[in-house]
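Written below as structure tokens is the structure these notes are about.
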Amino acid sequence: DPLWSRGLGDVYKRQDLTIVDKIVESKKKTGYPHSLFATWAKNSNDRVFKVSKKLKDNELGWGTTLSVQSMDEQVLNAIARKNIPLDNYKQLFERYAFHNIPTYSEIILGLPLETKTSFINGLGNILEITKGEVSEIRIWELFMTNSPVNSQREKYGIKTILAQQNKQEGHYDEIERKEIAVETNTLSSKDWVYCSNFGEFLLACHNGKVLRYLSKFLNEKKNIKYQDFYKGVFDFVSKNSMKKYISRCIKPFLDFFSP
């Protein structure tokens with residue numbers, strides 16, 4: 001079973017490496033834990049890298065967060081929270097990639113001043129910077145509890161709903177609802193739904209490698225932007241029934257194997 005830790009590189013600060021050394025020592029002696037799943041510091045500094053590398057070298061790490069929240073400078077200024085300067089994101093990714101440490105990036109949907117276009121372009125920019133090789137992109141809704149924009153709802157036209165969260169293992173009888181932002185004065189609720197669906201589609205096709213290599217090929221050979229490729233496919237799939245296209249693709253196989 002994995003061992004869970006919260007806020008590596010942030011909560012424990014200088015104790016992080018000492019804690020990881022003890023975990024590594026335990027694994028060498030007892031074989032436990034098999035792996036360590038951690039939530040990472042919002043700013044990926046040198047201490048975070050050292051922790052990540054030590055976990056990876058001892059087959060304990062699952063990947064490290066490079067949290068950007070948004071790829072739009074205007075949005076980052078609005079929330080007064082720059083996790084990773086955008087200019088440094090490429091260098092950070094390349095450093096982790098050089099040492100074969102998997103990374104995943106986190107984007108938040110519903111931030112102030114974010115638009116449909118800037119959100120879609122942000123996902124494309126992550127793929128562009130990482131040459132399509134980011135291990136995983138994760139999209140989170142904007143939870144209003146303890147959010148730095150909680151007191152600025154009127155300023156940014158933030159509208160919310162109470163959404164039921166997925167039940168956690170061991171707590172199936174508990175129902176938890178969280179307040180999430182689904183509209184701002186720059187992102188309508190209709191555009192929020194579009195971005196949410198588009199994001200899930202991109203994650204399934206890129207993280208799941210369904211269209212990853214085709215998108216990389218078209219980006220590198222034909223200079224087609226990742227966001228334009230995925231948006232084109234998503235819009236086509238959304239407007240057309242895929243039954244006839246799927247049937248057309250599998251018909252040669254059915255004909256071949258038919259008696």
Side-chain angles (χ1 to χ4, degrees), residues 10 39-44 65-90 104-130 134 136-166 175-207 225-239:
D10 187 16
T39 56
W40 295 89
K42 297 302 181 184
N43 292 290
S44 188
T65 308
L66 300 181
S67 181
V68 289
Q69 296 197 356
S70 173
M71 295 296 284
D72 188 284
E73 290 282 0
Q74 183 179 225
V75 175
L76 294 176
N77 289 331
I79 62 176
R81 186 175 185 180
K82 289 194 175 183
N83 292 334
I84 296 176
L86 300 186
D87 292 341
N88 294 346
Y89 182 81
K90 182 178 180 180
Y104 54 89
S105 296
E106 293 183 344
I107 291 286
I108 296 178
L109 175 59
L111 290 172
L113 302 186
E114 193 82 82
T115 65
K116 176 182 175 181
T117 299
S118 68
F119 180 81
I120 292 171
N121 287 344
L123 292 173
N125 288 340
I126 290 177
L127 296 177
E128 197 75 44
I129 289 172
T130 62
V134 63
E136 186 176 338
I137 300 174
R138 297 179 180 181
I139 299 174
W140 301 96
E141 296 92 353
L142 174 58
F143 297 114
M144 296 304 294
T145 305
N146 298 323
S147 168
V149 299
N150 199 15
S151 61
Q152 299 177 299
R153 296 172 184 242
E154 186 175 346
K155 177 180 178 179
Y156 293 115
I158 297 173
K159 295 182 180 179
T160 65
I161 62 170
L162 283 176
Q164 183 173 326
Q165 301 302 296
N166 293 331
I175 298 177
E176 183 180 5
R177 291 183 173 85
K178 290 187 178 180
E179 186 182 21
I180 63 172
V182 294
E183 183 177 340
T184 69
N185 52 20
T186 57
L187 186 74
S188 68
S189 57
K190 181 179 179 180
D191 285 345
W192 186 95
V193 171
Y194 180 95
C195 288
S196 179
N197 290 334
F198 170 77
E200 291 298 325
F201 176 82
L202 184 147
L203 300 191
C205 293
H206 202 83
N207 293 351
K225 294 181 178 179
Y226 285 101
Q227 58 265 43
D228 293 340
F229 169 76
Y230 278 114
K231 187 175 185 302
V233 177
F234 175 72
D235 288 343
F236 178 82
V237 171
S238 300
K239 295 175 183 177

If you define the side chain from C-beta out and look only at heavy atoms, does anything of Leu113 sit under 4.5 Å from Asp72?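 No - every pair of side-chain heavy atoms lies 4.5 Å or more apart.
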Find out whether Met71 and Leu123 are in side-chain contact, i.e. whether some heavy atom of one side chain is under 4.5 Å from a heavy atom of the other.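 SC-SC contact between Met71 and Leu123 ruled out.
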With rounding to the nearest 0.5 angstrom, report the [atom1] to [atom2] distance, [X] to [Y].
X	Y	atom1	atom2	value
Ile108	Gln69	CD1	CD	3.5 Å
Ile120	Gln227	CD1	CD	9.0 Å
Trp192	Ile180	CH2	CD1	4.5 Å
Leu187	Ser118	CG	OG	8.0 Å
Ser70	Ile79	OG	CD1	7.0 Å
Leu127	Tyr230	CG	OH	6.5 Å

In sequence, state the C-alpha distance, the side-chain angles, and the governing distance for Val182 and Thr160, and then conclude on side-chain contact (heavy atoms from CB on, under 4.5 Å). CA-CA 5 Å; Val182 294; Thr160 65; 5.7 Å; no
Pair Leu111-Phe119, side-chain contact (heavy atoms from CB on, under 4.5 Å): steps then yes or no: CA-CA 10 Å; Leu111 290 172; Phe119 180 81; over 6 Å; no
Heavy atoms only: give me the nearest Pro112-Val149 pair and the separation to one decimal.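 That would be CG-CG1, 3.6 Å.
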Over all heavy atoms of both residues, which pair between Leu142 and Gly110 is shortest? Give the atoms and the distance, please.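 Smallest heavy-atom distance, with atoms named: CD2-O, 3.3 Å.
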Once ring-ring contact (aromatic ring centres under 6.0 Å, His included) is applied, do any residues pair with Phe234, and if so which ones, sequence neighbours excluded?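 With neighbours one apart ignored, the set is Tyr194, Phe198, Phe201.
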Counting only N and O atoms by type, is there a donor-acceptor contact under 3.5 Å from the side chain of Thr186 to the main-chain atoms of Glu114?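 Answer holds: yes.
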Backbone N or O of Lys155 within a donor-acceptor pair of the Asn185 side chain at under 3.5 Å?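 Confirmed, Asn185 side chain pairs with Lys155 backbone.
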Checking Thr115 against Thr117: is there a side-chain donor and acceptor pair closer than 3.5 Å?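 On atom types as modelled, these side chains do not qualify, holding no pair under 3.5 Å.
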Looking at Lys239 and Asp235, is there a salt bridge between them, counting it only when a charged N and a carboxylate O are closer than 4.0 Å?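 Lys239 and Asp235: not salt-bridged.
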Atom NZ of Lys225: over 12 foreign heavy atoms under 6.0 Å: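 No, the 6.0 Å shell around NZ holds no more than 12 heavy atoms from other groups.
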Enumerate the residue pairs fulfilling salt bridge (Lys or Arg N to Asp or Glu O under 4.0 Å) with a member in residues 183-204, sequence neighbours excluded, ordered by first and then second residue.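 For residues 183-204: Lys159-Glu183.
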Between Ile129 and Tyr89, does the side-chain contact (heavy atoms from CB on, under 4.5 Å) criterion hold? Intermediate values first, please. CA-CA 8 Å; Ile129 289 172; Tyr89 182 81; 3.6 Å; yes
Quick one: list whatever passes salt bridge (Lys or Arg N to Asp or Glu O under 4.0 Å) with Glu128, sequence neighbours left out.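 So Glu128 forms no salt bridge (Lys or Arg N to Asp or Glu O under 4.0 Å) with any residue.
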